[in-house]
Amino acid sequence: MGVLMDLIAGDAREILLAIGIGDWAGLRDPTRFVSYVSLGGGMDQIWLDLFAQAARECTSGNAPRAFSDATYPLEARLAALSERMVERVDPHWVDQVALLPDGYLDRVAARWIDLIDCEQCDVDPEEKPMLRELAGDLVAFCRRAQGAEDVLFAWSL
């Protein structure tokens with residue numbers, strides 16, 4: 001089982017409050033938060049690095065950089081509101097994913113699945129449509145999150 005992971009864009013204090021009280025439905029409310037995507041519980045955080053690698057390979061570019069290099073912990077006093085680890089996401093990573101052309105999305109998703117399959121674990125054929133959809137969800141999240149005050153990555157085991 002992987003970690004539970006969510007990306008949320010909006011005001012960091014409001015996001016942390018919602019996480020702290022377990023208001024997961026509230027995080028999905030577009031009138032409260034700019035953008036939200038649940039990455040589920042079957043993933044490993046390295047898969048986000050592999051997503052970025054797939055995007056770089058398919059576009060022959062050098063962006064987006066690895067997700068793990070684009071996140072950094074919040075100050076301890078803010079993150080202590082939740083059992084989840086909470087990290088801030090560099091807005092440049094969000095912008096770079098948002099700029100992926102629609103015409104490349106299928107190739108990026110297919111390459112992402114190949115990278116996960118080769119480097120992390122065997123991908124069950126039944127999981128491939130979910131991963132393709134998640135690739136699109138990540139790009140859509142980033143497009144909505146562009147210019148947001150904060151983008152936070154919340155995860156727990």
Side-chain angles (χ1 to χ4, degrees), residues 1-59 61-105 108-109 111-113 115-116 120 130-157:
M1 174 78 155
V3 296
L4 295 173
M5 298 185 291
D6 300 277
L7 285 167
I8 311 106
D11 178 83
R13 289 181 299 181
E14 292 296 319
I15 295 168
L16 289 170
L17 177 61
I19 291 171
I21 63 172
D23 184 11
W24 297 103
L27 291 171
R28 291 175 171 84
D29 182 350
T31 63
R32 290 181 61 197
F33 301 102
V34 175
S35 191
Y36 171 85
V37 65
S38 173
L39 303 172
M43 289 181 59
D44 187 298
Q45 288 176 298
I46 293 169
W47 291 15
L48 292 171
D49 288 341
L50 296 175
F51 174 82
Q53 179 181 339
R56 290 190 306 271
E57 289 178 8
C58 290
T59 61
N62 58 1
R65 69 180 192 242
F67 184 77
S68 59
D69 292 338
T71 60
Y72 48 97
L74 290 175
E75 302 85 40
R77 62 184 171 79
L78 292 176
L81 293 174
S82 170
E83 292 178 9
R84 286 201 173 190
M85 297 296 296
V86 180
E87 298 174 300
R88 191 177 306 274
V89 179
D90 185 330
H92 296 293
W93 190 89
V94 172
D95 292 342
Q96 292 163 347
V97 172
L99 291 173
L100 285 173
D102 288 333
Y104 283 85
L105 193 52
V108 170
R111 181 65 183 136
W112 185 35
I113 291 167
L115 288 169
I116 293 169
Q120 291 293 305
M130 180 273 305
L131 287 170
R132 284 185 185 279
E133 183 177 340
L134 187 55
D137 290 348
L138 278 168
V139 173
F141 167 85
C142 289
R143 288 176 180 169
R144 289 188 307 272
Q146 280 187 297
E149 187 174 341
D150 293 293
V151 176
L152 301 184
F153 175 57
W155 59 275
S156 67
L157 295 175

Exercise: identify the closest heavy-atom pair between [X] and [Y]:
X    : Y    : value
W112 : L50  : CD1-C, 3.5 Å
V89  : L7   : CG2-CD2, 4.0 Å
A12  : D150 : N-OD2, 3.1 Å
A54  : L115 : N-CD1, 3.8 Å
V34  : G10  : CG2-CA, 4.2 Å
R143 : L100 : NH2-O, 2.6 Å

How long is the straight-line distance from [atom2] of [Y] back to [atom1] of [X], given to the nearest 0.5 Å?
X    : Y    : atom1 : atom2 : result
I116 : R111 : CD1   : CZ    : 11.0 Å
L17  : R13  : CG    : CZ    : 10.5 Å
F153 : L39  : CZ    : CG    : 6.5 Å
E87  : Q45  : CD    : CD    : 6.5 Å
S38  : L4   : OG    : CG    : 7.5 Å
R28  : S35  : CZ    : OG    : 12.0 Å

Which pairs pass salt bridge (charged side-chain N to carboxylate O under 4.0 Å, His left out) with one or both residues in residues 46-56, sequence neighbours excluded?
none

[Y] and [X], any side-chain heavy atoms less than 4.5 Å apart:
X    : Y    : result
T59  : Q96  : no
I19  : L27  : yes
V108 : F51  : yes
R88  : L152 : yes
T71  : L48  : no

According to ring-ring contact (aromatic ring centres under 6.0 Å, His included), who are the partners of F141, at least two apart in sequence or on a separate chain?
none

Name the orientation class of the two ring planes belonging to F67 and W93 (parallel below 30°, tilted from 30 to 60°, perpendicular beyond 60°).
perpendicular

